Amino acid sequence: MIITKAKKFAEKAHQGQLRKISGTPYFTHLENVALTLFNAGFSNNVVAAGYLHDIIEDTKVTKLQISNLFGNEVVELVLANSENKSLEWEERKNETIEKAKTASLEIKALIAADKLDNTSDLLKQHRLHGDEVWSYFNRGFDKQAWYYQNLLEAVYYGLDNSEVPSYFIDVKRNIEELFGGF
Ligand SMILES: Nc1nc2c(ncn2[C@@H]2O[C@H](COP(=O)(O)OP(=O)(O)O)[C@@H](OP(=O)(O)OP(=O)(O)O)[C@H]2O)c(=O)[nH]1
């Protein structure tokens, strides 16, 4: 089944990689993202993309390999969630925000599931370590606030209230708690 195959493939490809603040295996993040999408009732392909969403950006695995192993829909979802790391942080985050505005519900759902785990982790780490957490990232508090707030607006943009998955509310609450209301 595609979910199990994606899980095993991602675990192997990201082996040895750690999350920046907690130092836990990177795979824990992929598991959390996939689980959020599964619990929200998304298709097997979307859940598989949850496991694979950082694989092109952060490992040596290529889009051709993902396409051959998991098919077109999965590779498109993964590519939609991949940034061009050769660009400056501001430029690539701006590109991510702009693309998210007109993305499909499935792509928006993947972005929001990713941000749910990142912001939940940030809240937990901030309670433990305070503002030191921002030093782990390429940009500090102000730019992280700009990124998360604008990306959240972008994923809500164009969606009918009736199709917004319930966990989007949790992302919004986390972002407000981390960065204040907006
Ligand atoms: N909260 C948290 N985030 C961590 C941790 N370790 C790695 N990250 C990743 O760090 C990224 C943000 O770091 P930055 O320094 O601002 O950006 P960059 O890696 O893209 O240059 C997030 O990715 P992103 O830009 O949001 O997108 P994506 O790469 O996850 O798709 C997040 O996935 C961690 O311990 N806690």
Side-chain angles (χ1 to χ4, degrees), residues 1-20 25-119 121 137-139 143-144 146-148 150-159 163-165 167-168 171:
M1 124 95 124
I2 194 168
I3 297 179
T4 317
K5 186 171 154 188
K7 177 179 172 162
K8 286 187 179 151
F9 192 78
E11 190 166 19
K12 194 162 172 223
H14 287 274
Q15 202 154 37
Q17 293 179 356
L18 304 174
R19 296 290 281 168
K20 291 183 189 182
Y26 201 87
F27 181 72
T28 56
H29 167 65
L30 308 174
E31 187 96 282
N32 292 341
V33 171
L35 197 62
T36 295
L37 293 164
F38 179 82
N39 287 338
F42 282 97
S43 70
N44 290 353
N45 277 352
V46 175
V47 177
Y51 277 113
L52 300 168
H53 75 275
D54 279 332
I55 209 158
I56 291 176
E57 209 177 84
D58 295 339
T59 77
K60 288 190 173 131
V61 172
T62 64
K63 69 178 182 189
L64 188 62
Q65 279 176 289
I66 297 299
S67 165
N68 287 340
L69 285 166
F70 299 98
N72 274 346
E73 190 188 353
V74 173
V75 81
E76 287 309 321
L77 287 163
V78 173
L79 285 174
N81 202 74
S82 302
E83 291 181 343
N84 176 357
K85 289 276 187 178
S86 67
L87 298 175
E88 276 286 296
W89 190 95
E90 286 76 7
E91 201 179 338
R92 67 185 149 85
K93 296 302 176 198
N94 200 43
E95 222 175 74
T96 299
I97 292 164
E98 287 306 314
K99 279 198 303 188
K101 285 181 190 164
T102 53
S104 66
L105 173 63
E106 288 74 17
I107 291 171
K108 286 172 186 272
L110 180 53
I111 296 170
D114 183 23
K115 298 323 163 212
L116 177 63
D117 188 58
N118 286 349
T119 55
D121 175 65
F137 299 100
N138 288 319
R139 295 294 184 275
K143 290 205 168 170
Q144 296 293 344
W146 164 81
Y147 173 53
Y148 277 105
N150 283 283
L151 190 55
L152 181 73
E153 274 184 25
V155 293
Y156 267 95
Y157 181 85
L159 288 186
E163 59 181 344
V164 174
Y167 68 85
F168 278 41
V171 188

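For reference, positions follow the sequence shown, starting with 1. Just so you know, these numbers come straight off a predicted model, no measurement behind them.
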Notebook entry, point to check: Would the number of heavy atoms belonging to other residues, nucleotides or ligands and lying under 6.0 Å from OH of Tyr156 be above 12?
Noted result: yes

Check: Which pair of heavy atoms, one from Asp58 and one from Gln17, lies closest together, and at what distance?
Finding: O-NE2, 2.7 Å

Notebook entry, point to check: Roughly how far, to the nearest 0.5 Å, is NZ of Lys101 from CG of Leu151?
Noted result: 10.5 Å

Check: Just by distance, do the side chain of Lys5 and the backbone of Leu69 share a donor-acceptor pair under 3.5 Å?
Finding: yes

Item checked: Contacts of Asn32 that satisfy side-chain hydrogen bond (donor to acceptor under 3.5 Å, both in side chains) - sequence neighbours left out -> Asp117

Notebook entry, point to check: Looking at OG1 of Thr4 and CG of Asn44, how far apart are the two atoms once the value is rounded to the nearest 0.5 Å?
Noted result: 9.0 Å

Note to self: I'd like to check Leu77 versus Ile107 (side-chain heavy atoms, cut-off strictly below 4.5 Å). Are they in contact?
What the structure shows: yes

Next item on the list: Looking only at non-hydrogen atoms, find the nearest pair between Ala40 and Tyr167 and report the distance.
Entry: CB-CE2, 3.7 Å

Notebook entry, point to check: Can you tell me how far CD of Glu57 sits from NZ of Lys85, rounded to the nearest 0.5 angstrom?
Noted result: 4.5 Å

Checklist line | Glu31 side chain near Glu11 side chain, heavy-atom distance below 4.5 Å | finding: no

Note to self: Measuring only between side-chain heavy atoms, which start at C-beta, is Asp114 closer than 4.5 Å to Leu110?
What the structure shows: no

Check: Quick check: does any side chain N or O of Tyr157 sit under 3.5 Å from a backbone N or O of Ala100, one acting as donor and the other as acceptor?
Finding: no

Notebook entry, point to check: Do the side chains of Trp146 and Arg139 get nearer than 4.5 Å, heavy atoms only?
Noted result: no

Item checked: Least distance between heavy atoms, Asn72 atom then Ser67 atom -> OD1-OG, 4.1 Å

Next item on the list: Would you check if the side chain of Thr119 reaches a backbone N or O of Lys115 as a donor-acceptor pair within less than 3.5 Å?
Entry: yes

Note to self: What I'd like to find out is whether the side chain of Lys63 reaches to under 4.5 Å of the side chain of Val75, using heavy atoms alone.
What the structure shows: yes

Check: With a cut-off of 6.0 Å (strictly less than), are more than 12 heavy atoms of other residues, nucleotides or ligands near NZ of Lys60?
Finding: no

Note to self: So Ile2 and Tyr51, do their side chains get closer than 4.5 Å, heavy atoms only?
What the structure shows: no

Margin query: I need the minimum non-hydrogen distance between Arg19 and Thr28, along with the two atoms involved.
Written below: CG-OG1, 4.5 Å

Item checked: Contact check, side chains of His29 and Asn118, non-hydrogen atoms, under 4.5 Å -> yes

Next item on the list: Kindly check if the number of other-residue, nucleotide or ligand heavy atoms within 6.0 Å of CD (Glu163) is above 12?
Entry: yes

Notebook entry, point to check: Does the side chain of His14 reach to within under 4.5 Å of the side chain of Thr59, using non-hydrogen atoms?
Noted result: yes

Checklist line | Partners passing ring-ring contact (aromatic ring centres under 6.0 Å, His included) against Phe9 (at least two apart in sequence or in another chain) | finding: Phe70

Notebook entry, point to check: What heavy-atom pair brings Lys99 and Leu79 nearest, and what distance separates the two atoms?
Noted result: NZ-O, 4.5 Å

Note to self: Thr36: which residues meet the side-chain hydrogen bond (donor to acceptor under 3.5 Å, both in side chains) condition with it, sequence neighbours left out?
What the structure shows: none

Item checked: Point-to-point distance, once rounded to the nearest 0.5 Å, from CD1 of Ile66 to CD of Glu76 -> 12.5 Å

Next item on the list: Please assess Tyr26 against Asp54 for the test side chain to side chain donor-acceptor pair (under 3.5 Å), listing each intermediate value before the final yes or no.
Entry: CA-CA 10 Å; Tyr26 201 87; Asp54 279 332; 2.6 Å; yes

Notebook entry, point to check: Name the one of Leu152, Leu159, Leu116 that satisfies side-chain contact (heavy atoms from CB on, under 4.5 Å) with Phe168?
Noted result: Leu159

Next item on the list: Hey, could you give me the CG/CZ distance between Asn138 and Arg92, rounded to the nearest 0.5 Å?
Entry: 6.5 Å

Check: For the atom pair CD1 (Ile55) and CG (Asn81), what is the distance rounded to the nearest 0.5 Å?
Finding: 12.5 Å

Next item on the list: Please report the closest heavy-atom contact between Trp89 and Lys143, naming both atoms and the distance.
Entry: CH2-O, 3.5 Å

